[in-house]
**Student:** 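First the structure, which I've put down as structure tokens, then a few questions once you've had a look.
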Amino acid sequence: YTPGTKLLWISNRAALRAGRLMGAEWGEDSIGAYSIAFGSNVNASGYASAAFGAGNRTGYYAIAAGYGNSAMADDAVAFGEYNRVDGRGGSMVVGENNISKSFAATVVGRYNDTAAMSSANTPASSNPLFVVGNGTAANSRSNAMMVTANGRVGIGVNNPGATLDIAGPSSLQQLRLRSTGNDYVRIRMFNAVNSAPFW
């Protein structure tokens with residue numbers, strides 16, 4: 001197809017295209033069966049995929065909406081701006097300049113750190129399931145929080161070594177508990193056998 005503003009129904013693939021064609025993104029090899037693409041320079045090349053907005057790309061059973069997103073992994077979802085999903089299993093990225101490299105991971109925020117992310121195609125106990133990125137640039141990526149498949153939560157920590165692992169600067173308290181009334185703050189600790197508190 002020649003560049004320009006188009007509305008196309010590709011009957012042999014049951015695919016729909018509408019918007020501005022800028023290059024080869026709606027070429028024969030770039031139109032997935034049962035796919036839809038609306039916007040400018042969008043490419044839904046995967047089977048049963050959807051792309052909306054501008055400059056978005058999708059793989060099989062994937063969805064991308066916003067600007068410059070790439071959801072090329074199977075079953076991936078990307079919303080926002082310049083996000084990328086490499087992990088399968090329903091991985092999702094929402095925000096700005098985030099990357100998901102793990103199986104079934106959800107990433108939100110911006111410029112997340114991917115150092116602890118692996119196993120894009122299969123589950124792994126140390127894989128992140130939920131990541132909140134709080135970086136400021138592509139060369140300054142960081143995470144505010146990470147929840148891994150083995151049930152660990154890291155706040156300011158990429159590889160939590162405990163059920164709850166918190167790291168922060170010495171100028172701040174790493175943990176603060178407060179009562180909503182004029183009373184003591186209480187912590188109760190016990191095991192599965194003895195429900196009596198350990199003080």
Side-chain angles (χ1 to χ4, degrees), residues 15 25 30-39 42-168 192:
E25 64 270 18
S30 301
I31 298 176
Y34 312 109
S35 67
I36 57 174
F38 297 154
V42 287
N43 184 329
S45 60
Y47 183 94
S49 65
F52 307 96
N56 296 304
R57 304 286 181 267
T58 59
Y60 280 43
Y61 311 106
I63 300 172
Y67 182 75
N69 297 296
S70 175
M72 295 305 294
D74 294 354
D75 317 310
V77 178
F79 295 131
E81 182 179 49
Y82 293 119
N83 297 299
R84 192 179 89 220
V85 185
D86 297 335
R88 298 182 60 197
S91 287
M92 180 171 68
V93 175
V94 179
E96 177 191 3
N97 283 281
N98 289 309
I99 302 171
S100 174
K101 293 184 177 181
S102 292
F103 185 87
T106 297
V107 180
V108 300
R110 63 194 305 258
Y111 292 106
N112 69 298
D113 187 346
T114 63
M117 305 188 89
S118 60
S119 303
N121 296 315
T122 56
S125 63
S126 61
N127 266 3
L129 293 181
F130 182 68
V131 178
V132 179
N134 66 347
T136 57
N139 61 354
S140 183
R141 292 183 171 273
S142 62
N143 297 325
M145 185 177 75
M146 178 179 291
V147 180
T148 58
N150 55 15
R152 296 178 181 177
V153 178
I155 299 175
V157 178
N158 279 344
N159 294 293
T163 303
L164 177 60
D165 196 343
I166 303 173

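Bear in mind that the values here come from a model prediction, so they are computed numbers and not experimental data. The figures here come from the full heavy-atom set of this structure, side chains too, leaving out hydrogens, waters and symmetry mates.
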**Student:** Less than 4.5 Å apart, side chain to side chain, heavy atoms only: is that true for Asn158 and Asp113?
**Tutor:** yes
**Student:** List the steps and the verdict of side chain to side chain contact (heavy atoms under 4.5 Å, CB included) for Ser49 and Ser35.
**Tutor:** CA-CA 5 Å; Ser49 65; Ser35 67; 3.8 Å; yes
**Student:** Would you indicate whether the side-chain heavy atoms of Met146 and Phe130 approach each other to under 4.5 Å?
**Tutor:** no
**Student:** Distance from Ile31 atom CD1 to Ile36 atom CD1, nearest 0.5 Å?
**Tutor:** 13.5 Å
**Student:** Give me the atom names and distance for the closest heavy-atom approach of Gly89 to Asp75.
**Tutor:** N-OD2, 4.2 Å
**Student:** Mind checking what makes salt bridge (charged side-chain N to carboxylate O under 4.0 Å, His left out) contact with Arg88, not counting sequence neighbours?
**Tutor:** Asp74
**Student:** Mind checking ring-ring contact (aromatic ring centres under 6.0 Å, His included) for Phe52 and listing every partner two or more places apart, or none if nothing turns up?
**Tutor:** Phe38
**Student:** Of the non-hydrogen atoms in Ala51 and Asn43, which two are nearest, and what is the gap between them?
**Tutor:** CB-O, 4.2 Å
**Student:** Tell me, do Thr148 and Pro160 make a side-chain contact under 4.5 Å, heavy atoms counted?
**Tutor:** yes
**Student:** At their closest point, which heavy atom of Pro128 faces which heavy atom of Ala116, and how far apart are they?
**Tutor:** CD-O, 3.8 Å
**Student:** Answer yes or no: is there a side-chain heavy-atom contact under 4.5 Å between Ser100 and Met117?
**Tutor:** yes
**Student:** Count the heavy atoms of every other residue, nucleotide or ligand shown that sit under 6.0 Å from OH of Tyr60, and state whether that count exceeds 12.
**Tutor:** no
**Student:** Side chain of Ser91, backbone of Ala104: donor and acceptor closer than 3.5 Å?
**Tutor:** yes
**Student:** What's the separation between atom CZ in Arg84 and atom CZ in Arg57, rounded to the nearest 0.5 Å?
**Tutor:** 14.5 Å
**Student:** Cut-off 3.5 Å, side chains only: do Asn97 and Tyr111 have a donor facing an acceptor?
**Tutor:** yes
**Student:** Would you name the heavy atoms of Ala167 and Gly156 that are closest together and state the gap between them?
**Tutor:** CB-O, 3.8 Å
**Student:** Please check this pair: side chain of Asn83 against backbone of Ser70, looking for a donor-acceptor N/O pair closer than 3.5 Å.
**Tutor:** no
**Student:** Taking all heavy atoms of Thr58 and all of Ala44, pick out the closest pair and write down the distance.
**Tutor:** OG1-CA, 3.1 Å
**Student:** Please test Leu164 against Ile155 for side chain to side chain contact (heavy atoms under 4.5 Å, CB included), starting from the C-alpha separation and ending with a verdict.
**Tutor:** CA-CA 8 Å; Leu164 177 60; Ile155 299 175; 4.2 Å; yes
**Student:** Determine yes or no for a side-chain-to-main-chain donor-acceptor pair under 3.5 angstrom, with Asn98 supplying the side chain and Asn112 the backbone.
**Tutor:** yes
**Student:** Do Ile99 and Asp86 have side-chain heavy atoms sitting under 4.5 Å apart?
**Tutor:** yes
**Student:** Could you tell me whether the side chain of Thr106 and the main chain of Met92 form a donor-acceptor pair under 3.5 Å?
**Tutor:** no
**Student:** side-chain contact (heavy atoms from CB on, under 4.5 Å) with Lys101: which of Asn127, Thr114, Val107, Val85?
**Tutor:** Thr114
**Student:** Are more than 12 heavy atoms, taken from residues, nucleotides or ligands other than Met145, located less than 6.0 Å from that residue's CE atom?
**Tutor:** yes
**Student:** How long is the straight-line distance from OH of Tyr61 back to OH of Tyr47, given to the nearest 0.5 Å?
**Tutor:** 5.5 Å
**Student:** What distance separates Met72 CE from Asn56 CG, expressed to the nearest 0.5 Å?
**Tutor:** 11.5 Å
